[in-house]
Amino acid sequence: MIPAAALLAGAAVIGWGSPRALGRLAAAGVGPGTVLAWWLLAALGVVAGVAGSVVLLVLPGHGPAGAVLRVLHDCWSTLGHDGFPALDPLAATGAAALLATAAVRLARHALDRRRHRTVLHRRHLQALRLAGDERPLPTLWLPDARPIAYSMGGRRPLVVASTGLANRLTEPELRAVLEHERAHVRGHHHLLTGWAEVLGRALPFIPLVRELPTATRLLVELAADRTASARCGAAPLRSALLRIRPADGPRRALAMTGGDTAIRVDRLDVVARKPRPAARVAAVVGGVAALLAPPAVAVALVVGTGLVVCP
């Protein structure tokens, strides 16, 4: 039971302690795409750590953890496998129930999101067929006086904009807004925000996972802003953000006015530079560290405890 508890403790340390550190990275100048990857990998590592600890408790003999227990048994008999034999069945039963509940919640929220997204997407595609636009990434223009701009992913992605948007913005501003929405589609941001929302609803008791949907939505907006700014210039994108007021749109679409507008306008002043090889290596190393942080903390706990108890 010791390795399972250590892995659960590692997941708890990262799940409760990492959101604040990850939230400061974008403000420190790290690219939004890199920060987004680290957020998602850290959440995946925490979820895998929790699931792994449960599996270790449920498996007969705790699976491969039995070897670790045998090593520590002689010098840690009071806390070892034989110290509390009655706890194993209770812990395994509780862990199995927790894992089953989380799996059911995850599946239910995923199916609910997919069902609503499919219905919404089908309605947009029907309107697009009437317009006769067969381009790979078409734009559906809505006869609406409100300034609306959002995009939808899936197998047949599309950008949706309103005539009110075109009437309110200048040509460079409109081009920047549409490029922003196309960046969402090319970056598969709808898929990332979708899974973030599913995880956040299924596992709200983990702070890192609970804050993941909000962080993901802001970071994909910053990433799309960076792409649109690089292609169309920061000035028209900034003026478009300041001129467009939030308008109603589908909840599962990525709207131009999504995220914190003040943060987005402020981040437009940061010039996007082509990442150097060292920065790319650091991004990969950081992602691997974020993913493996829970088991690394667990190993440190087990090894440290072993060194203290078995000098």
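We're numbering straight along the sequence, starting at 1. All of these numbers come straight from a predicted model, not from anything done at the bench.
Atom NE2 in His188 sits 12.5 Å away from atom OG1 in Thr193 (nearest 0.5 Å). How far CD1 of Ile148 is from CG of Leu165: 9.0 Å, rounded to the nearest 0.5 Å. In this structure, the separation between CH2 on Trp16 and CD1 on Ile206 is 6.0 Å, given to the nearest 0.5 Å. Atom OG of Ser239 and atom CG of Leu169 lie 7.5 Å apart (nearest 0.5 Å). The distance from the CZ atom of Arg217 to the CG atom of Leu192 is 11.5 Å, given to the nearest 0.5 Å. Here the OG-CD distance, from Ser229 to Glu179, works out to 11.0 Å after rounding to the nearest 0.5 Å.
A donor-acceptor pair under 3.5 Å links the side-chain atoms of Glu181 to the main chain of Ser151, judged by distance alone. In this structure a side-chain-to-backbone donor-acceptor pair under 3.5 Å is missing from Asp266 to Ala262. Within the 3.5 Å criterion, the main-chain N or O of Arg146 finds a donor-acceptor partner in the side chain of Ser162.
Cluster annotation: Leu292 is not connected to Val50 through the hydrophobic network of ILVMFWY side chains, with a link wherever side-chain heavy atoms come within less than 4.5 Å. Following chains of ILVMFWY side-chain contacts shorter than 4.5 Å, one can reach Val209 starting from Leu191, so the two form part of one hydrophobic cluster. Leu25 and Val285 fall into different hydrophobic clusters, defined by Ile, Leu, Val, Met, Phe, Trp and Tyr side-chain heavy atoms under 4.5 Å apart, directly or through other members. No path of Ile, Leu, Val, Met, Phe, Trp and Tyr side chains, each step under 4.5 Å between heavy atoms, connects Leu41 with Leu36, placing them in separate hydrophobic clusters.
Summarising the geometry of Gly287 relative to Trp38, their closest heavy-atom pair is N-NE1, 3.0 Å, with the distance given to 0.1 Å. His184 and Val220 make their closest contact through CE1-O, 3.4 Å (heavy atoms, listed as atom of the first residue, atom of the second, distance). Of all heavy-atom pairs spanning Ala176 and Ala228, the tightest one is O-CB, 3.7 Å. Heavy-atom minimum distance, Leu22 versus Val35: O-CG1, 3.9 Å. Taking every heavy atom of both residues into account, Leu301 and Ala6 meet most closely at CD1-O, 4.1 Å. Contact detail for Ala240 and Val177: the closest heavy-atom pair is CB-CG2, 3.7 Å.
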(request) Check the pair Val297, Ile14 against side-chain contact (heavy atoms from CB on, under 4.5 Å), reporting the backbone distance first and the verdict last. (result) CA-CA 8 Å; Val297 173; Ile14 302 303; 4.2 Å; yes

(message) Go through it in stages, so that I can follow the logic: the residues are Arg264 and Arg238, the test is side-chain contact (heavy atoms from CB on, under 4.5 Å), and I'd like the CA-CA distance, side-chain angles, deciding distance and then a yes or no.
(response) CA-CA 9 Å; Arg264 292 174 58 188; Arg238 180 186 294 104; over 6 Å; no

(message) Using the rule given for side-chain contact (heavy atoms from CB on, under 4.5 Å), can you reason through Trp39 versus Glu211, listing the C-alpha separation, both sets of side-chain angles and the distance that settles it, and then say yes or no?
(response) CA-CA 10 Å; Trp39 263 96; Glu211 297 179 20; 4.2 Å; yes

(request) Would you sort out whether Leu237 and Leu268 count as a side-chain contact (heavy atoms from CB on, under 4.5 Å), showing the intermediate values? (result) CA-CA 9 Å; Leu237 183 60; Leu268 284 175; 3.7 Å; yes

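Within the 4.5 Å cutoff, the side chain of Arg267 has no heavy atoms near those of the Asp225 side chain. For the pair Val160/Leu142, a side-chain contact is recorded, criterion being any heavy-atom separation below 4.5 Å from C-beta on. At least one side-chain heavy atom of Leu241 sits less than 4.5 Å from a side-chain heavy atom of Val265. At least one side-chain heavy atom of Thr139 sits under 4.5 Å from a side-chain heavy atom of Arg182. Side-chain atoms of Leu178 and Leu174, non-hydrogen and from C-beta on, do get closer than 4.5 Å to each other. With a 4.5 Å cut-off on side-chain heavy atoms, Arg210 and Leu203 do not count as touching.
With respect to Glu173 and Arg168, no salt bridge is recorded, no charged nitrogen being found less than 4.0 Å from a carboxylate O.
Here the rule is side-chain contact (heavy atoms from CB on, under 4.5 Å) with Leu291, and of Leu44, Leu40, Val46 only Leu44 fits it.
In this structure Pro32 satisfies the side chain to side chain contact (heavy atoms under 4.5 Å, CB included) test together with Leu219, Leu222, Ala223, Arg226, sequence neighbours excluded. Taking the side chain to side chain contact (heavy atoms under 4.5 Å, CB included) definition, one finds that Pro172 meets it with Thr170, Arg175, Pro236, sequence neighbours left out.
Counted by atom type alone, His180 and Glu221 present one or more donor-acceptor pairs between their side chains at under 3.5 Å.
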